[in-house]
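I have placed the structure first, in the form of structure tokens, so that the comments after it can refer back to it.
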Amino acid sequence: MASAYQSYQTIERLQEAIGQEVTLNGWVYDTTGKGKLQFIKLRDGSGIAQCVVFKPNVAEEVFEAAKSLTQESSVRIVGTVRAEERAPGGVEVDVKEIKIWQIAKDYPITPKEHGDAFLMENRHLWLRSTRQHAIMRVRATIVKAIRDFFDGNGFTLMDSPILTPAACEGTSTLFETEYFDLGKAYLSQSGQLYGEASAMAQGKIYTFGPTFRAEKSKTRRHLTEFWMVEPEAAFFELADDMDLAEDFVEYIVQTVLKHRQQELAALGRDVTKLEKVRRPFHRMSYTEAVEWLNKNNVKLNRKQADGTEIQVDFPWGEDFGAPQEEALMQQFEKPCIVHRYPTEVKAFYMKRDPENPKVALAMDMLAPEGAGEIIGGSQREDDFEALKERILSHDLPLESFEWYLDLRRYGSVPHSGFGLGLERTVKWITGAEHIRETNPYPRMIYRIQP
RNA sequence: UCCGAAGUAGCUCAGUUGGUUAGAGCAUCUGACUGUUAAUCAGAGGGUCGUAGGUUCAAGUCCUACCUUCGGAGCCA
């Protein structure tokens with residue numbers, strides 16, 4: 001006897017079963033009655049199949065069962081598959097038997113429109129809708145593409161811990177918890193520091209897992225819990241890091257195009273835009289970007305002491321906000337890497353450019369179509385004294401970073417890496433309006449249910 | 001944290017200068033129909049108008065506070 005995962009017929013493969021009798025298990029997505037004719041749209045997680053019950057052809061109790069079905073009731077249907085032009089997808093099931101697992105009463109999400117708050121309160125049910133189903137399938141494909149890319153290019157998976165003793169980039173945005181007798185522990189906001197140690201052991205590594213930011217950000221680009229993949233490679237300089245990032249993002253996008261056309265179509269995504277995501281991407285230095293902003297009259301809103309706002313030329317040294325990034329990207333159809341940011345606006349572990357100590361060997365990748373920053377990375381400081389001085393000048397506790405400094409004591413080498421935010425990448429590729437749709441159970445500043 | 005917007009039926013919304021019994025569509029229930037794709041048609045049930053206080057002969061509507069949600073900024077992936 002075959003086990004359930006082998007024997008039960010999935011709707012995805014119904015085309016192959018034309019002429020055969022099949023058994024389908026699933027949930028009622030929609031019903032329509034037409035007198036002696038009942039249509040049941042059955043959803044089984046793999047797809048949706050139209051099932052038809054015609055009164056003269058079935059036993060009385062089967063027709064009554066069909067009439068009693070409500071949205072999201074769970075059923076097993078036995079019937080014959082046949083080609084039918086009038087049915088969506090070109091096939092339908094001529095129903096012979098119905099077994100009702102459970103009748104659902106008053107399913108809250110109807111085929112009509114709903115508000116954001118309502119859908120988020122019912123996130124556990126919203127996931128059943130066609131749109132959310134498609135986004136989750138694209139997400140799963142992106143995750144697989146990420147793993148395949150690194151696994152296939154000599155990177156070893158070396159996951160970093162989630163519970164950490166100290167901050168990676170300052171403590172202001174960390175979730176805190178008690179850790180037995182050892183005091184406070186924090187949820188990791190990046191696996192990078194551990195990733196660097198791992199790279200010194202394996203050469204090329206990547207970490208992939210959830211990260212946590214207690215930032216009080218309330219925008220359509222922010223989650224407090226999100227997944228990040230962070231490659232780190234010994235002997236990589238900034239140029240290598242940027243090449244890697246371009247290859248990687250191109251691979252992800254092209255893999256989704258190859259395997260998820262159906263889902264992208266269901267989402268109404270303009271795939272011609274994604275087809276253009278081919279190397280080489282655009283690149284410009286931070287300094288060039290500032291010049292571009294000022295040449296194109298993209299001003300910065302600055303608050304005065306009296307509370308009023310004035311518009312000023314973008315000053316060199318200030319970090320870009322979402323409005324600057326968006327303005328910059330409007331000229332491009334492909335992602336753009338902006339590199340060599342001012343040292344002051346970047347993290348302590350980034351190496352300074354030997355040719356210009358005012359800038360760090362940092363790079364961000366901005367995605368087109370308003371998607372914004374998806375990658376942040378850098379070449380790391382590999383000089384012991386320079387790194388130690390940076391830790392102290394950032395008021396970070398030196399004793400917490402002794403192990404990290406060891407990486408510069410024992411065989412320090414140039415090395416680089418970056419972090420790619422999974423949900424932001426899913427948002428860009430699916431064209432989702434809001435990042436809350438890109439994670440099955442998103443955590444946001446004002447929402448932790450369900 | 002700051003700026004802006006909104007809370008009316010299970011859901012999405014309308015509700016005029018304050019004025020009799022607060023409306024519609026969808027959903028639910030009953031009935032009709034052999035091709036529906038968010039079916040259609042006929043009928044029925046469904047409300048502490050976010051909470052508390054105030055003004056008034058009279059408050060869904062005006063005022064105050066609070067709560068909740070949404071959008072944006074900063075910060076970031």
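Protein chains get the first letters and strands the later ones, always in sequence-line order, with residue 1 at the start of each. The structure presented is a predicted model; accordingly, all values stated were derived computationally and were not measured.
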Could you tell me whether the side chain of [X] has a donor or acceptor atom within less than 3.5 Å of a complementary atom in the base of [N]?
{"X": "A:R220", "N": "B:C70", "value": "no"}
{"X": "A:E92", "N": "B:G35", "value": "yes"}
{"X": "A:Q50", "N": "B:U36", "value": "yes"}

With a 3.5 angstrom cut-off on both distances, give the Watson-Crick or G-U wobble partner of [N], or none if there isn't one.
{"N": "B:U37", "answer": "none"}
{"N": "B:U55", "answer": "none"}
{"N": "B:U1", "answer": "B:A73"}
{"N": "B:C49", "answer": "none"}
{"N": "B:A6", "answer": "B:U68"}
{"N": "B:G25", "answer": "B:C11"}

Quiz item: In this structure, are over 12 heavy atoms from other groups packed under 6.0 Å from A:E21 atom CD?
Solution: yes

Self-check item: Among A:K105, A:R128, A:K41, the one residue meeting salt bridge (charged side-chain N to carboxylate O under 4.0 Å, His left out) with A:E72
Solution: A:R128

Practice problem: Report the distance from atom CZ of A:F118 to atom CG of A:D116, rounding to the nearest 0.5 Å. | Solution: 12.0 Å

Just the rounded figure in Å: distance from [atom2] of [N] to [atom1] of [X].
{"X": "A:N57", "N": "B:G35", "atom1": "CG", "atom2": "C1'", "result": "14 Å"}
{"X": "A:E121", "N": "B:G7", "atom1": "CD", "atom2": "P", "result": "16 Å"}
{"X": "A:W428", "N": "B:A77", "atom1": "CH2", "atom2": "C1'", "result": "14 Å"}
{"X": "A:F118", "N": "B:U12", "atom1": "CZ", "atom2": "C1'", "result": "10 Å"}
{"X": "A:E72", "N": "B:G10", "atom1": "CD", "atom2": "C1'", "result": "16 Å"}
{"X": "A:Q38", "N": "B:G35", "atom1": "CD", "atom2": "C1'", "result": "12 Å"}
{"X": "A:I375", "N": "B:A77", "atom1": "CD1", "atom2": "P", "result": "11 Å"}
{"X": "A:L37", "N": "B:U40", "atom1": "CG", "atom2": "P", "result": "17 Å"}

Strictly below 4.0 Å: does [X] bring a side-chain N or O up to OP1 or OP2 of [N]?
{"X": "A:K34", "N": "B:C33", "answer": "no"}
{"X": "A:H114", "N": "B:G10", "answer": "no"}
{"X": "A:R213", "N": "B:G74", "answer": "no"}

At under 4.0 Å between heavy atoms, what does [X] touch on the DNA or RNA strands: base, sugar-phosphate, or nothing?
{"X": "A:K41", "result": "base"}
{"X": "A:F418", "result": "nothing"}
{"X": "A:D30", "result": "sugar-phosphate"}

Practice problem: Classify the ring geometry between A:F150 and A:F248 as parallel (under 30°), tilted (30 to 60°) or perpendicular (over 60°). | Solution: tilted

Quiz item: Hey, what's the ring geometry for A:Y341 with A:F320, parallel, tilted or perpendicular (30° and 60° as the breaks)?
Solution: perpendicular

Exercise. Using the six-membered ring for Trp and the full ring for Phe, Tyr or His, decide whether A:F39 stacks on the six-membered base ring of B:G35 (centres under 5.5 Å, planes under 30°).
Key: no

Quiz item: Starting at the 5' end of RNA chain B and moving along, which residue's nearest nucleotide shows up first, A:I445 or A:T110?
Solution: A:I445

Practice problem: Determine, for A:W316 and A:K358, whether the Lys NZ or Arg CZ falls below 6.0 Å from the six-membered ring centre while staying within 45 degrees of the axis. | Solution: yes

